[in-house]
Chemist: 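Here you go, one structure.
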Amino acid sequence: MVTPTALEAELFEVAGAVPDPELPVLTLQELGVLRAVRLGHADAVEVELTPTYTGCPAIEAMSLDIERALHAHGVREVTVRTVLTPAWSTDDISAEGRRKLREFGIAPPRAVRGPGPVPLELGPTRSGRTTGRTPVAAAAGHAVPAGSAAAVVEPTQASAQTPAEAPVAAADPIRCPLCGSAETELLSRFSSTACKALRRCLACREPFDHFKEL
Amino acid sequence: MTRQAPAPTAAHTTTAALALGDDALVLSHRLGEWMGHAPVLEEEVALANIALDLLGQARILLSMAGDEDDLAYLREERAFRNVQLVEQPNGDFAHTIARQLYFSTYQHLLYDRLAAGRSPFAGLAAKAVKEVAYHRDHAEQWALRLGDGTDVAHERMRRACTALWRFTGEMFRPLDGLDLDPAGLEPDWLESVGGILGRAGLALPEGPRTGAWTAGAGREGLHTESFGRMLAEMQHLHRSHPGATW
């Protein structure tokens, strides 16, 4: 374990202040993707960056922006290295980052208790069973064919056979970032980017993005 | 007499990196073919996002085996090591979902196990398993919705699951370079897929899970007819304009 020098800490601040190219309200430090800034020989600096999602195309823009910022700060040689371990998690987003996301209209991710998908729900299907893991009122305005076991709302069991699947705190609702209501519904589990899901507030009726837990 | 055998671990890692990388690359391309054709906009976005995750995995895995672009764009069909399941055409939406269900369930089990190991794949697997959990969930929700849906949806889902069944055995064959035997994933896979299909009002299809003529198939470089056409489209630009950039 090497303690960063004062200069390294200063350069970390400079690189960390670079805005995220996709969500410019957040800095890379708040997003938690900047892992280390190390001073090599002379004024050569090595930066360790981790992608949010494996396929996130923003990582290249981030690297370029970091290089530019450090060059502007007087560093001659910058190498940005992508590291995968330990895997980034939405828990790495700082409290300030979460506040900014909410202010920007994106519901921040909830704390992750373990890897795996968040329990989500679609409407009831023909036989009256829900497709999600959370019971949904089968009578919530959805037509259920007569004679089907509409009353039996049978939550799908979290597949015991899939490993490492401890859902995020299900009791912790995703709140509308606009009005704060806890009554929101899922529209699509993938939104404008892989890291977000599209939801709608049932109180103010506004659609909004939710930064999915990862 | 000196024997210059390549370091076995490195060569085996390349074998596995190509196999897993090609799985991700080819499935990513197939999902990308839905762009502009998906049934609804949200679903198009979902499939594109899943494709992007897979492309990210493919880039890292193929880079472990060589130059990612050369490997993706300049290899002939027989040099690809993906399982035949992922190269199967999209078919109708039910076919795509059945393919996703079969593959993402396998990939989730595989990455979860790899993440706990010490192979060179552990780091990527630990990261990607969290993404694949969302892919698997997406496939599960749709399998339930279609299987437990209208008569037409139910029948299409049943037909798709049956049609792709014979490609599912290949995923569990031994693969050099992994610190696990994929055969060990099979009981969990059968239980997971069987459970989902059961809840969808369907059942695990019957019949062989490998065709006699496909033995070893994709992992040995033997592919099905449509794969050549897919590659032609995927590689055309790079081959026609070598070194082209945006």
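Residue numbers begin at 1 in each chain, while the letters A, B, ... track the order of the sequences.
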Chemist: Which atom pair, heavy atoms only, marks the closest approach of B/Ile60 to A/Leu84?
Modeler: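 The pair with the smallest heavy-atom distance is CD1-CD1, 3.7 Å.
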
Chemist: Counting only heavy atoms from other residues, nucleotides and ligands, does the tally under 6.0 Å from CD of A/Glu60 exceed 12?
Modeler: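 12 or below, so no.
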
Chemist: If I take atom NZ from residue A/Lys212 and atom NZ from residue B/Lys130, how far apart are they, to the nearest 0.5 angstrom?
Modeler: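 Rounded to the nearest 0.5 Å, the NZ-NZ separation comes out at 13.0 Å.
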
Chemist: Mark yes or no for whether B/Gln57, through its side chain, and A/Gly55, through its backbone, hold a donor-acceptor pair below 3.5 Å.
Modeler: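 No: the side chain of B/Gln57 does not pair with the backbone of A/Gly55.
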
Chemist: How far apart are the closest heavy atoms of A/Pro57 and B/Leu52, and which atoms are they?
Modeler: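 So the two residues come closest at CD-CD2, 3.8 Å.
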
Chemist: Any chance you could measure B/Glu131, atom CD, to A/Thr54, atom OG1, to the nearest 0.5 Å?
Modeler: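 Rounded to the nearest 0.5 Å, the CD-OG1 separation comes out at 3.0 Å.
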
Chemist: Quick one, A/Glu213 and B/Tyr134 - any side-chain contact, counting heavy atoms below 4.5 Å?
Modeler: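 Heavy-atom side-chain distance check passes, below 4.5 Å.
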
Chemist: Minimum heavy-atom separation for A/Thr52 and B/Lys127, please, with both atom names.
Modeler: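 For A/Thr52 versus B/Lys127, the nearest heavy atoms are O-NZ, 2.6 Å.
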
Chemist: For B/Arg118, does the CZ atom have more than 12 heavy-atom neighbours from other residues, nucleotides or ligands under 6.0 Å away?
Modeler: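 Counting neighbours around CZ of B/Arg118, 12 or fewer heavy atoms of other residues, nucleotides or ligands fall under 6.0 Å, so no.
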
Chemist: Which bit of A/Ser89 comes within less than 4.5 Å of chain B, counting heavy atoms only: side chain, backbone, both or neither?
Modeler: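 Looking at A/Ser89, backbone and side chain both touch chain B.
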
Chemist: Once you round to the nearest 0.5 Å, how far does OG of A/Ser191 lie from CG of B/Asn49?
Modeler: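 Between atom OG of A/Ser191 and atom CG of B/Asn49 there are 8.0 Å.
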
Chemist: A/Phe190 vs B/His138 aromatic rings, parallel, tilted or perpendicular, using cut-offs 30° and 60°?
Modeler: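 It falls in the perpendicular class, over 60°.
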
Chemist: Step through the shown structure and confirm whether more than 12 heavy atoms of other residues, nucleotides or ligands are within 6.0 Å of CZ on B/Arg59.
Modeler: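 It does not: B/Arg59 CZ has 12 such atoms or fewer within range.
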
Chemist: Around atom CD of A/Glu96, are there more than 12 heavy atoms of other residues, nucleotides or ligands at under 6.0 Å?
Modeler: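 It does: A/Glu96 CD has more than 12 such atoms within range.
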
Chemist: Using side-chain heavy atoms (C-beta onward) and a distance below 4.5 Å, is A/Ser192 in contact with B/Val45?
Modeler: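 Side-chain contact under 4.5 Å: no.
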
Chemist: Would you call B/Glu42-A/Arg199 a salt bridge at under 4.0 Å N-O?
Modeler: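 Result for this pair is no, no salt bridge flagged.
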
Chemist: Non-hydrogen atoms of chain B under 4.5 Å away: do they reach the side chain of A/Pro86, the backbone, both or neither?
Modeler: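 Answer is neither: A/Pro86 stays 4.5 Å or more from chain B.
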
Chemist: Counting only heavy atoms closer than 4.5 Å, note whether A/Thr85 contacts chain B via side chain, backbone, both or neither.
Modeler: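 Just its side chain gets close to chain B.
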
Chemist: Taking all non-hydrogen atoms of both residues, which atom of A/Ala194 and which atom of B/Asp53 are closest, and how far apart?
Modeler: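 Closest approach of A/Ala194 to B/Asp53, heavy atoms only: CB-OD1, 3.9 Å.
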
